[in-house]
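Inspection log for the structure reproduced underneath, given as structure tokens.
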Amino acid sequence: MNERVLFVAPAKLYPVDIDGNPIQHVRENVSLPALTVLGSLKSAGFDVDFMDLSADGYQTKKRLNEHTYRFGLPDEAVVDRIRETNPLALLITSMFSTEQEMVDDLASEVRRACPDLSIVVGGIHASLQPDWTLESGNIDFVVSGEGEETTAELLRQISSEGVEAVKSRAQIIGSKPRIKELDRAWALDEVLLREEEYRYTDSASRRSQIYAHLTQPDWIKNFSLYYSKGCPTHCDYCTTSERDGTKVRHMGSERMFNDFRLLHEKYGVQIFYNQADTFVFHPEDIEFLKKVRGYRQEHPYFVLNNPNAFFVKIFFQKSKGYELDEELLDLFAEAGFNVMTIAVESFNQDYVKKEKLDFTQIPPEKIRDLFKAIHDRNMKTELYMMYAFPGQTKEELRDDEKIVEALPNVDEVAWHSCMVFPGTNYYRTGLREGWFTEKSYRKNLNEGYFFHHLPEKFNFSKIPTTELRAFRERHPPSIS
């Protein structure tokens, strides 16, 4: 088999103020779905191709409305690639409900130009809302859930039977159980290289300047480590557990370390971002860090950091009497961490599940000690907080603000508004209690809705929107 498949990460949206200035830092990120899905397709004998519109057209932007810019290559660039390479199918990743517009626009452009091409969409949003994804009529199939195995089977059927025959049976594909064996080939060359040049540069990827700590100016390549799936806490605002389950599945420390060495030695990557939400929940993560610590003794020129944020409880294990785990912090420092982002989100237990952070066992005083201990090991610290939880009062937010202001040894605080996504407990509660209907929710998405831009119609807290804007002005996001 030598059927070519084109995978596209679509353009992205970001919020701007009334003058058109970015409200948050525009970032390009290594595409994990492309790495894993294209890797599986290569193993199955397909010829694979990749375009990342936001990374490949990082400087290309277009104003869409009062609150929103689009950045990335135009969709016509995908049409040009299709005409040049004549693929069997176009795969598009659809991760966030707020960016479904980008997926719809791309599919529409391709359908007009290439009416017979099979268009397949996957990703978290597509998995949780497949009907929304299909309703435009431009998309042939939605791969729901993990697509590494399902996509290859679907493409084989399209190749042998034709798209219409397969569509007549089902357009939503994905009834398989979750993948047990994650250790499978990745499409590193196709995703990381563009015309033999490395695709992802750190100046365009880091969330803020704090992540440049302990790096050198000529360290420009980065990679996102993402070697586990699933999260047991199932937070009310998060879609991760909905798709990936509540059991943490891991590729294994040996695979993780072998990739790390390959990336450092072959591709010249020196800045690594751990993107797994549950890093160190699984013992294989500890084994990986031990391997990296040993490797670092002879190869010291790299850093690790954790922009997705550590859960506080990993540093205060019940088995150790909820005392600070100094040995774990030593391991992080010796393995090369330069920045540690710590997720508290709120100091009010009403908005943080006890399974994630139990304040009766880990009060703010212990969290203060954690930040000091990180600083003592020459690592920078970032505190990840959230605001505008459904039902949150202005007094509760002010309490959080006061506690944060009193914490020493915090280099940066990242405040994100609590977003309500389809497929989450908050979304289901909103439908049930009348915060919105599905129709009104979808209509309002077009007005712009981001972690740093909260429109009035998406403010489900008890805090007036004017006061939330004032809060945001006091705590603006870092713009590198």
> Would you say E365's side chain and R368's backbone share a donor-acceptor pair under 3.5 angstrom?
Replying inline: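 Answer holds: no.
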
> Backbone N or O of F316 within a donor-acceptor pair of the E323 side chain at under 3.5 Å?
Replying inline: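 No, the answer is negative, given that no donor and acceptor are paired below the 3.5 Å cut-off.
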
I'd like to know if [X] and [Y] make a salt bridge, using a cut-off of under 4.0 Å between side-chain N and carboxylate O.
| X | Y | result |
| --- | --- | --- |
| D358 | K313 | no |
| R199 | D52 | no |
| R398 | E401 | yes |
| E287 | K290 | yes |
| D325 | K320 | yes |
| K42 | E190 | yes |
| E382 | R207 | yes |
| K356 | E345 | yes |
| K394 | D399 | no |

Using side-chain heavy atoms (C-beta onward) and a distance below 4.5 Å, is [X] in contact with [Y]?
| X | Y | result |
| --- | --- | --- |
| T215 | N338 | yes |
| R249 | K180 | no |
| S228 | D277 | no |
| R70 | M102 | yes |
| E412 | V410 | no |
| V344 | D400 | no |
| L328 | V280 | yes |
| S31 | Y200 | yes |

Report the relative orientation of the aromatic rings in [X] and [Y]; use parallel for angles under 30°, tilted for 30 to 60°, perpendicular for over 60°.
| X | Y | result |
| --- | --- | --- |
| Y14 | Y69 | parallel |
| H250 | H282 | tilted |
| F421 | F96 | tilted |
| H264 | F272 | tilted |
| Y198 | Y267 | perpendicular |
| H452 | H416 | tilted |
| F337 | F332 | perpendicular |

For atom [atom1] of [X], is the number of surrounding heavy atoms from other residues, nucleotides or ligands below 6.0 Å larger than 12?
| X | atom1 | answer |
| --- | --- | --- |
| K372 | NZ | no |
| E327 | CD | no |
| K462 | NZ | no |

> Looking at F71, is K12 sitting on its ring face, NZ or CZ under 6.0 Å from the six-membered ring centre and within 45 degrees of the normal?
Replying inline: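 Negative - K12 is either too far from the ring of F71 or too far off its axis.
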
> Which pairs with one or both residues in residues 220-239 pass ring-ring contact (aromatic ring centres under 6.0 Å, His included), sequence neighbours excluded?
Replying inline: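 Listed by first then second residue: W186-Y227.
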
> Looking at the rings of F311 and F279, which for Trp means the six-membered one, are their centres under 6.0 Å apart?
Replying inline: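 Not under 6.0 Å, so no.
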
>> Please tell me whether F471 and H475 form a close aromatic pair, meaning their ring centres lie under 6.0 Å apart.
In response: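 Yes, the ring centres sit under 6.0 Å apart.
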
> Only one of E242, E438, E433 forms a salt bridge (Lys or Arg N to Asp or Glu O under 4.0 Å) with R428, so which one is it?
Replying inline: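 The single option meeting the salt bridge (Lys or Arg N to Asp or Glu O under 4.0 Å) with R428 is E242.
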
> E146 and salt bridge (Lys or Arg N to Asp or Glu O under 4.0 Å): which partner among R178, R184, K229?
Replying inline: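 Of all the options given, the one that passes is K229.
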
>> According to ring pair (Phe, Tyr, Trp, His ring centres under 6.0 Å), who are the partners of Y322, at least two apart in sequence or on a separate chain?
In response: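 Y322 satisfies ring pair (Phe, Tyr, Trp, His ring centres under 6.0 Å) with no residue once adjacent residues are dropped.
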
>> Checking side-chain hydrogen bond (donor to acceptor under 3.5 Å, both in side chains) between Y387 and each of Q392, R472, E396, which is the one that passes?
In response: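 Single side-chain hydrogen bond (donor to acceptor under 3.5 Å, both in side chains) partner of Y387 among Q392, R472, E396: R472.
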
>> Among N305, T341, N306, which residue satisfies the side-chain hydrogen bond (donor to acceptor under 3.5 Å, both in side chains) criterion with Y211?
In response: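 Exactly one candidate clears the test, T341.
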
> For R194 and D56, what are the C-alpha separation, side-chain angles and deciding distance, and is it a salt bridge (Lys or Arg N to Asp or Glu O under 4.0 Å)?
Replying inline: CA-CA 8 Å; R194 181 180 66 247; D56 297 348; 2.8 Å; yes

Can you tell me if [X] and [Y] form a side-chain donor-acceptor pair at under 3.5 Å?
| X | Y | value |
| --- | --- | --- |
| H213 | D411 | no |
| E355 | T233 | no |
| T466 | R469 | no |
| S43 | S40 | no |

> So which of Y441, Y449, F458 actually passes ring pair (Phe, Tyr, Trp, His ring centres under 6.0 Å) with F436?
Replying inline: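 Among the candidates, only Y441 passes.
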
> Nearest 0.5 Å, what's the CD1-OG distance between I403 and S346?
Replying inline: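 One finds 8.0 Å between CD1 of I403 and OG of S346.
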
